[in-house]
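Since the model is a prediction, treat every value here as computed from it, not as a measurement.
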Amino acid sequence: MWDRLAASDPGLLRLTAGLRTVTAIALTLAVLAALRVPVPQLVAGAMAAMVSTFAIREKQRGQQAVTLALGLPVALASVSLGALLHQLVVAGDLFFVVLIFCAVYGRRFGDRGTALGLIGFQVYFLSLFVHATASALPALYGVICVAFACSAAARFVLLPQTPAGTLDRLRRAFRARLAQLISVQAALLDAGPGDVEKVLDDLRAATARLHETALMIQGRLEDGTSDAAVARLLQRRVADAEIAAERLGLLLLTARSAERTDTLTLHLPGAPLPSGGELPVQDEATAALRRDLQALRLLMLRPVGEARGTALAQVRNRLLGYRDEENLPTAAPAVQDVFRGLGEAARAALGLRLALDGPQDDADDSPATTRSREELDAEDAAIEAGEEREAEEPEPTGLGRPTTRAAVQVAVGSALAISGGELLSSQRWYWAVLTCWIVFINTASTGEILVKGYRRLLGTVLGVVAGIGLAGLVGHHTWTAFALVLVLIFAMFYTAPLSYTLMSFFVTAMLGLLYTLLNTYSMAVLVLRVEETALGAACGVIAAAVVLPIHTDRRTNDLLVAVLNRLAEVTRAAVDQLSGEAGADLVEQARDLDQALADLRAATQPLTHPITPLRSRRDTARYVVALLETCAYHGRSLAATAELLPTHPSIAADPRLRGACGRIVHNIEAIAAHVADPRATAEMKTGASIASMLAPGTLRTPRYGRVTDRVLRHLQRLDEAVSGLARPLGLATDAARPSA
């Protein structure tokens, strides 16, 4: 059960965020209740504790403490201005717009600027919500100070969280998700014709979840490790394990079909299994394969303290032995490939265990295991001797800076929301402003804002229904209402990264209880909440579409060009190293490619959302992203293979690979140029298939005796995927042009 929890919530980040926020609020309520403050001040304290907890996002505890200390005077100043401007309608509205602009603009100063801006905005909103006045300021000062103190106690004493601890939990989550992926692969082996499509969908989901965790680990390495060499080693071992697991899935798919499986099958939802997914013959080799998949899963899950003993060592030795041709069972070539993939996955598991848990007992090692350890030690030494690559990219200035543009847009949208909100209600117009503010957080295009506004409105409508029921059940039982508020707040933070609609649902249901506590609950208030939310979302969309707009097409094109550029860099650098040139930091370049692809995937959500009316455009976007994920897999695999070159005696540089790579890199750059400027004259090149270099006699090496065969297969798949990208993006190959 712990492994399931670790896999469902990598790093326990959502659980920690929810528990910490609830603890801070509960502690604040306990202190204030002991002081016998009235209910409105209890509500204000709960809201202040919530914002002072979730606003701070820095990873280092010292930085968190500084930001929390700076946030207190910001909160006191904000609530003071909110109370003093309460009766000055025009001045208060103008100041609110200025405050919103400054809060969003502060995002350019990193996590601290974002946190202080968020605290300033939310505490001003708090003053409006509880109708703060100048006479109530001394009491509110005390309440806010108590809330910040309780937030500090929850963060640093009751539920402390360190970067190293978070990284350790993420590594456990990676192991758990790796084991889940292997379980799905084992299910694929036995799936009947009627079940194979469902298992294939599970395989895609498990592969994507593993990749998500790998990216999370990479984002925490710098803060979670004290040594840069250790960070690079762990990054490499995680990448190796991910690639080996993904390749094992592809080999299993190929073993089920009559032809080699296209990598796109693993990344494109709805793609059928080649040849209908025929069942393998149930022979001795298949039974051994089923047994060894479960053994590999066991090795992945067992922590170092439980992974000792002769039995597990023998299992590990058997799996690593499949890296030698003489140890492969008698079976069809495709099934033998799966056993080879098992050997490579076991080697990646050994490297991951050594990187995570340190040296282990090697008394029961077989010659194959000893050789794998020696290879890993040589790689470790090469990684420790490497240097980090630092690249600085020029930042835009003026209105071209995203934070400046967003600040202007949200200020204009908020002004519209204030004007429209006042027409709906002179008392609760701020709900429209809050919605307008929220839909701009973590969005960068008009389409993203539209989708986020729609999700917030849907969650609000459903939350109103829940709020009506909860308010009726609670009645005037104050502490029962506060207990339910804590439950809803936990649910809000726990589900926020998963579903914005669910988060909005829990927020609105919680507000129904807060209105009950303030004796302002009514059906009209909750209906007004829906109206103000719809108005705020509409104002946000209008501002994003009219003021300095960044259309979804433009943003996705920019991100697509970035992905293609990163792909070209990784491919060129990997093949150059495999051809005998000096090495580069390929793992870091592969990480940059993965991050660029993750940004593109997030930006295409408005295009692939189920409610989009442009069905063909949605299918095209999904197809392009799936092709890019396929390209990224082959790029990562090339980079990982090239990193082995300096330390593996069985891998030799081959200058002929550079010729096979030249056309691919040219075509990637041609597509990038066409996407950036449709008038560009760059053209796609065609020629002999890279697979032709695999013909007998072309490379005088055994099929698996050297790495050149695998590299050429990755290049062949990458060439096919890049050519496939040209068609949906409107770029024809030179063979398709009339002049050709």
Side-chain angles (χ1 to χ4, degrees), residues 2 5-6 9-37 41-76 78-79 110-112 114-116 118-120 122-123 126 139-173 216 220 222-226 479 482-483 485-494 496-497 510:
W2 182 255
L5 178 62
D9 181 14
L12 302 183
L13 297 177
R14 292 186 286 119
L15 180 65
T16 302
L19 287 178
R20 179 183 288 163
T21 305
V22 168
T23 301
I25 296 173
L27 192 57
T28 301
L29 292 175
V31 173
L32 294 178
L35 297 175
R36 299 184 182 279
V37 301
Q41 292 180 19
L42 287 175
V43 173
M47 294 179 69
M50 182 174 67
V51 67
S52 62
T53 303
F54 79 77
I56 298 174
R57 298 296 179 89
E58 283 114 334
K59 299 179 178 65
Q60 298 293 343
R61 289 163 62 86
Q63 296 174 353
Q64 294 174 4
V66 172
T67 303
L68 188 61
L70 293 175
L72 180 56
V74 170
L76 296 177
S78 185
V79 75
D111 289 337
R112 180 164 297 162
T114 302
L116 295 179
L118 191 56
I119 290 172
Q122 293 286 2
V123 173
L126 178 157
L140 285 175
Y141 289 160
V143 166
I144 291 175
C145 289
V146 168
F148 270 72
C150 293
S151 175
R155 179 178 296 276
F156 301 117
V157 179
L158 299 177
L159 289 168
Q161 186 179 34
T162 63
T166 300
L167 181 60
D168 185 66
R169 289 190 292 271
L170 282 172
R171 295 184 302 195
R172 184 184 183 102
M216 293 175 70
R220 298 271 178 168
E222 183 177 349
D223 294 302
T225 55
S226 57
W479 293 108
F482 270 122
V485 164
L486 292 177
V487 172
L488 292 171
I489 288 175
F490 175 81
M492 175 179 69
F493 283 96
Y494 193 77
M510 177 194 69

Query raised in the report: After noting the C-alpha distance and the side-chain angles of T53 and F493, does the key distance pass the side chain to side chain contact (heavy atoms under 4.5 Å, CB included) rule?
Result: CA-CA 11 Å; T53 303; F493 283 96; over 6 Å; no

Report summary line: For A55 and I119, the nearest pair of non-hydrogen atoms, with its separation, is CB-CG1, 3.9 Å

**Report entry** Over all atoms of both residues, closest heavy-atom pair of A69 and P73
**Finding:** O-CD, 3.0 Å

Query - Closest heavy-atom pair and its distance - F148, L72 - result: CE2-N, 3.5 Å

Query raised in the report: OG1/T166 to CG/D223 distance, rounded to the nearest 0.5 angstrom?
Result: 10.0 Å

Requested in this report: State, yes or no, whether a side-chain contact exists between F54 and L118 at a heavy-atom distance under 4.5 Å.
Outcome: yes

Query raised in the report: For C150 and A24, which heavy atoms make the closest approach, and how far apart are they?
Result: CB-O, 3.8 Å

Query raised in the report: Does any non-hydrogen side-chain atom of I489 lie less than 4.5 Å from one of M510?
Result: yes

Report task. Test I56 against every option in T67, L116, T114, V51 by the side chain to side chain contact (heavy atoms under 4.5 Å, CB included) rule and name the one that passes. Result -> T67

**Report entry** pair L488-V485: side-chain heavy atoms closer than 4.5 Å
**Finding:** no

Requested in this report: Any chance you could measure M47, atom CE, to T28, atom OG1, to the nearest 0.5 Å?
Outcome: 13.0 Å

**Report entry** Heavy-atom pair of closest approach, residues A44 and V143
**Finding:** C-CG1, 4.1 Å

Report task. Would you check if the side chain of S151 reaches a backbone N or O of A147 as a donor-acceptor pair within less than 3.5 Å? Result -> no

Query raised in the report: Which heavy-atom pair separates V123 from A75 by the least distance, and what is that distance?
Result: CG1-O, 3.3 Å

**Report entry** Qualifying salt bridge (Lys or Arg N to Asp or Glu O under 4.0 Å) pairs with a residue from residues 54-67, counting only residues at least two apart or across chains
**Finding:** E58-R112

**Report entry** Pairwise salt bridge (Lys or Arg N to Asp or Glu O under 4.0 Å) hits with a residue in residues 145-171, at least two apart
**Finding:** D168-R171

Query raised in the report: Nearest 0.5 Å, what's the CG-CZ distance between L158 and R20?
Result: 10.5 Å

Query raised in the report: Taking the side chain as C-beta and beyond, is there a heavy-atom pair between F490 and T21 under 4.5 Å?
Result: no

Query raised in the report: Do the rings of W479 and F482 sit parallel, tilted or perpendicular, given the 30° and 60° boundaries?
Result: tilted

Query - Check: S78 side chain, V74 main-chain N or O, donor-acceptor pair, under 3.5 Å - result: no

Report task. Verify the neighbour count for atom CD of E222: are there more than 12 heavy atoms of other residues, nucleotides or ligands below 6.0 Å? Result -> no

Query raised in the report: CG/D111 to CD/Q60 distance, rounded to the nearest 0.5 angstrom?
Result: 11.5 Å

Requested in this report: Can you measure from CG (L19) to CD (Q161) and round to the nearest 0.5 angstrom?
Outcome: 11.0 Å

Requested in this report: Look up atom CG in L29 and atom CG in L42, then write down how far apart they are to the nearest 0.5 Å.
Outcome: 6.0 Å

